[in-house]
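All remarks here apply to the structure that follows.
Everything numeric in this text was worked out from a predicted model, so none of it was measured.
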Amino acid sequence: MPRIRRRSLATVAVPLGVCAAVVAGVATTSGTAAAQTKDEPSVVGSAKLQRKPGDDVHFAIDAHGFADKARGTFDVSHRFGKEFDVRFKGRIDCLLTGGPVAVATGIVTDAQVKVAPGIPMPSAAELKGKRFGFTVLDGGKGGKKDRLGYSWAMDGLPVNSVGKCVSSAPFETLEKGDFTAQHWMPPRTGA
């Protein structure tokens, strides 16, 4: 007849206690993360791009909300000496995030263009109504490792509209400033 082995209460209780502690730790960690997570994505900040002296390029973005429910503003200025001074701003119409990366698009609502004759640049009227994209890589606090991209990188000039939430890779480095990307995705529904 087989012999029945009996375990002591301590032999069973110790592994159960360890499992309970691990589960409690996971639940506590998850609860803390959920409490700190916002219920929408965002990208906020402003910066001066790293360029040669006299070539001043500034971006400011304040975007909140998911996908085509996003809202907010953007402001872009590029001044190079007395020959080139272009500024445009507008309203955000799309925002997506993935970890420290945010892609936003917006429609230009106001523009000012002052360029010397012979310098190719769309007029202020031609910029209004165009959709441009912006990509931010949030490299952490302080902005020293942040990067920025924009949809007209391939054109060289802001000429062509893009689709919602479309932009280039974040290829520009910052001289000063800071962007903060807050990642958030809605819960997925079953397929």
Side-chain angles (χ1 to χ4, degrees), residues 26-51 55-79 86-111 127-189:
V26 169
T28 303
T29 304
S30 298
T32 303
Q36 294 172 349
T37 302
K38 293 183 180 179
D39 60 352
E40 67 178 6
S42 65
V43 61
V44 177
S46 63
K48 178 180 192 276
L49 299 186
Q50 190 167 7
R51 297 284 179 91
D55 190 4
D56 294 320
V57 182
H58 296 264
F59 282 80
I61 303 169
D62 183 8
H64 305 266
F66 179 70
D68 59 357
K69 303 283 190 262
R71 65 207 178 279
T73 59
F74 67 90
D75 196 328
V76 178
S77 69
H78 186 176
R79 192 162 90 205
V86 177
R87 301 163 191 269
F88 55 91
K89 60 185 178 179
R91 63 176 175 77
I92 297 294
D93 69 348
C94 190
L95 173 64
L96 291 175
T97 58
V101 177
V103 177
T105 51
I107 306 292
V108 176
T109 58
D110 186 38
L127 288 175
K128 288 181 185 175
K130 299 268 183 174
R131 177 184 290 118
F132 296 129
F134 312 95
T135 306
V136 167
L137 170 61
D138 179 357
K141 291 185 179 184
K144 293 184 190 261
K145 294 183 179 181
D146 288 3
R147 296 180 74 86
L148 180 86
Y150 39 87
S151 61
W152 60 95
M154 293 301 292
D155 300 331
L157 297 172
V159 176
N160 297 316
S161 282
V162 296
K164 286 186 175 184
C165 282
V166 175
S167 187
S168 74
F171 62 95
E172 295 269 15
T173 55
L174 309 186
E175 182 177 313
K176 62 181 179 178
D178 189 15
F179 287 102
T180 302
Q182 170 67 42
H183 176 64
W184 180 87
M185 291 291 287
R188 295 191 185 250
T189 56

Step-by-step side chain to side chain contact (heavy atoms under 4.5 Å, CB included) determination, L49 to L174
CA-CA 4 Å; L49 299 186; L174 309 186; 3.8 Å; yes
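- D93 and T105 share a donor-acceptor pair across their side chains, judged by distance under 3.5 Å alone.
- Between the side chain of T135 and the backbone N or O of A169 there is no donor-acceptor pair closer than 3.5 Å.
- Scanning all heavy atoms of the two residues, the minimum distance from Q182 to T97 falls at O-CG2, 3.7 Å.
- The shortest distance between side-chain heavy atoms of R71 and H64 falls below 4.5 Å.
- The backbone N or O of G133 sits less than 3.5 Å from a side-chain atom of S151, completing a donor-acceptor pair.
- Contact between R131 and S161 at its shortest, heavy atoms only, is N-OG, 3.0 Å.
- V103 and V166 make their closest contact through CG1-N, 4.1 Å (heavy atoms, listed as atom of the first residue, atom of the second, distance).
- Formation of a donor-acceptor pair under 3.5 Å by the K164 side chain with backbone atoms of A67 is not found in this model.
- If you take CD1 on I92 and CG on D62, they are separated by 8.5 Å, rounding to the nearest 0.5 Å.
- Note: F59 and F179 fail the aromatic proximity criterion, with ring centroids not under 6.0 Å apart.
- Using a 4.5 Å heavy-atom cutoff, the side chains of D56 and K48 are in contact.
- Here the CZ atom belonging to R91 is positioned 8.0 Å from the OG1 atom belonging to T109, to the nearest 0.5 angstrom.
- Using a 4.5 Å heavy-atom threshold, the side chains of K130 and V162 count as separate.
- Across L127 and V108, no two heavy atoms sit closer than the pair O-CB, 3.3 Å.
- By the 4.5 Å heavy-atom criterion applied to side chains, V76 and K89 are not counted as neighbours.
- With contacts defined as side-chain heavy-atom distances shorter than 4.5 Å, the pair R51/E175 does not qualify.
- Atom CD1 of I61 sits about 11.5 Å away from atom OG of S42, to the nearest 0.5 Å.
- Within the 3.5 Å criterion, the main-chain N or O of C94 finds no donor-acceptor partner in the side chain of D68.
- Put simply, CG on D39 and CH2 on W184 are 6.5 Å apart, with the number rounded to the nearest 0.5 Å.
- Within the 4.5 Å cutoff, side-chain heavy atoms of L96 are placed close to those of F66.
- Remark: side-chain polar atoms of R147 are not paired, donor with acceptor, to backbone N or O of L137 under 3.5 angstrom.
- The shortest distance between side-chain heavy atoms of Y150 and V57 does not fall below 4.5 Å.
- F74 and F132 have their aromatic ring centers separated by at least 6.0 angstrom.
- We find that D178 and K141 are not joined by a salt bridge, their nearest charged nitrogen and carboxylate oxygen being 4.0 Å or further apart.
- Proximity of R79 to R87: side-chain heavy atoms (C-beta onward) are separated by under 4.5 Å at one or more points.
- Heavy-atom minimum distance, C165 versus L95: SG-N, 3.2 Å.
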